[in-house]
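Read through the structure below, which is laid out as structure tokens, and then see the notes.
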There are 2 protein chains.
Amino acid sequence: MKNHEFYCLHSDLCKTLANPKRQLILDALRNGEVTVGDLVNQTGIPQANVSQHLSILRNKGIVVARRHGSRVNYSITNPKIIKAFDLISEVLNESLAGQSRTVNKAVGKTHLA
Amino acid sequence: MKNHEFYCLHSDLCKTLANPKRQLILDALRNGEVTVGDLVNQTGIPQANVSQHLSILRNKGIVVARRHGSRVNYSITNPKIIKAFDLISEVLNESLAGQSRTVNKAVGKTHLA
DNA sequence: TTGGTATATTGTCATATTCGAATATAAATA
DNA sequence: TATTTATATTCGAATATGACAATATACCAA
């Protein structure tokens, strides 16, 4: 059993990934460096909001910024982030595929939703 | 580029994983079925709170409940959940190891925290 | 049926997250 | 220097989340 602090760090990292807009951004960064402006265009998210999310991702060390003239290029620091992302996609797809079977079936007469 | 709904489902799933207590619980379920009572003992989390978290995990299809007498056994529905969990652990460890180098270095004179 | 043990749900409050609007900063250019 | 373009930060309001206490439900045994 690992310690409490580890779980906090781990879930903190997950929490950072757990936002639809940040996922859009991460997916847009999947193939390499992209500027903020391009992220705005590709995702349709307002500029200020993109910057907010990039700031969050930066602070967690998930992305890194590199200024190039007036533009700032962002990229993902660790490719395993994308691997984890894709694994969770798989879980999601399998879950969606096998839905409505035993998954949420009631147990006994409990209220188990 | 995938659609918005997919990202919402995906981040919803991540969000469910993104909680230290739920991670403790998931790690305790790593090797197979465990009863609620055992989860309470192993994690030190109060019973009501464990049930709350199990309810959340159940509703997302991450764990499944099986009643056996007066006890209820929980297990993880898809082993890939654990794989994803472990991948994120790796990212975390690598991030902790390589900390304080270039990761959060300022870019230009921006306030980039 | 009564009591006891195991598990689940609800209500409430404190805290955290998210977004848009407004504003600030940096670099490029006139 | 003044202006424009690119990006970042701050503030405030709405909403979501998490924890505990209290209570409810299910099953078992006497």
Residue [X], side-chain heavy atoms: nucleotide from [options] that is nearest:
{"X": "Leu54(A)", "options": "dA8(D), dA8(C), dT17(C)", "answer": "dA8(D)"}
{"X": "Arg67(A)", "options": "dC20(D), dA26(C), dT9(D)", "answer": "dA26(C)"}
{"X": "Thr35(B)", "options": "dA8(D), dT7(C), dT17(D)", "answer": "dT7(C)"}
{"X": "His53(B)", "options": "dT9(C), dT7(D), dA19(D)", "answer": "dA19(D)"}
{"X": "Val72(B)", "options": "dA8(C), dA19(D), dA8(D)", "answer": "dA8(C)"}

Spacing between [X] atom [atom1] and [N] atom [atom2], to the nearest angstrom:
{"X": "Asn41(B)", "N": "dT5(C)", "atom1": "CG", "atom2": "C1'", "value": "13 Å"}
{"X": "Leu17(B)", "N": "dG18(D)", "atom1": "CG", "atom2": "P", "value": "12 Å"}
{"X": "Leu57(B)", "N": "dG18(D)", "atom1": "CG", "atom2": "C1'", "value": "14 Å"}
{"X": "Leu24(B)", "N": "dG18(D)", "atom1": "CG", "atom2": "C1'", "value": "15 Å"}
{"X": "Arg71(B)", "N": "dT25(D)", "atom1": "CZ", "atom2": "P", "value": "22 Å"}
{"X": "Arg66(B)", "N": "dA8(C)", "atom1": "CZ", "atom2": "C1'", "value": "19 Å"}
{"X": "Gln52(B)", "N": "dT17(D)", "atom1": "CD", "atom2": "C1'", "value": "11 Å"}
{"X": "Ile25(A)", "N": "dT7(D)", "atom1": "CD1", "atom2": "P", "value": "13 Å"}

For [N], take OP1 and OP2 only and decide whether either is under 4.0 Å from a side-chain N or O of [X].
{"X": "Asn19(B)", "N": "dG18(D)", "answer": "yes"}
{"X": "Arg58(B)", "N": "dT9(C)", "answer": "yes"}
{"X": "Lys15(A)", "N": "dT17(D)", "answer": "no"}
{"X": "Ser51(B)", "N": "dA8(C)", "answer": "yes"}
{"X": "Tyr74(A)", "N": "dA6(D)", "answer": "no"}

Please compare Asn49(A) and Val36(B) by the position of their nearest nucleotide in DNA chain C and report the one closer to 5'. Val36(B)

Quick one: does [X]'s side chain have a donor or acceptor within less than 3.5 Å of a partner on [Y]'s backbone?
{"X": "Gln47(B)", "Y": "Val40(B)", "result": "no"}
{"X": "Ser11(B)", "Y": "Cys8(B)", "result": "yes"}
{"X": "Asp38(A)", "Y": "Val34(A)", "result": "no"}
{"X": "Thr43(A)", "Y": "Leu39(A)", "result": "yes"}

Of Ile56(B) and Ala48(B), the one whose closest nucleotide on DNA chain D sits nearer the 5' end is Ile56(B)

Name the residue from Asp27(B), Ile25(B), Asn31(B) that meets the side chain to side chain contact (heavy atoms under 4.5 Å, CB included) definition with Leu29(B). Ile25(B)

In chain order, what residues pass the salt bridge (charged side-chain N to carboxylate O under 4.0 Å, His left out) check against Lys80(B), with sequence neighbours excluded? Glu90(A), Glu94(A)

Tyr74(B) and Arg58(B) side chains, donor-acceptor separation under 3.5 Å: yes

Do the rings of His10(B) and Phe85(A) sit parallel, tilted or perpendicular, given the 30° and 60° boundaries? parallel

The helix from dT1(C)-dA30(D) to dA30(C)-dT1(D): angle between its terminal axes, five pairs each, to 10°? 10°

Could a donor-acceptor pair under 3.5 angstrom be found where the side chain of Gln47(B) meets the base of dA8(C)? yes

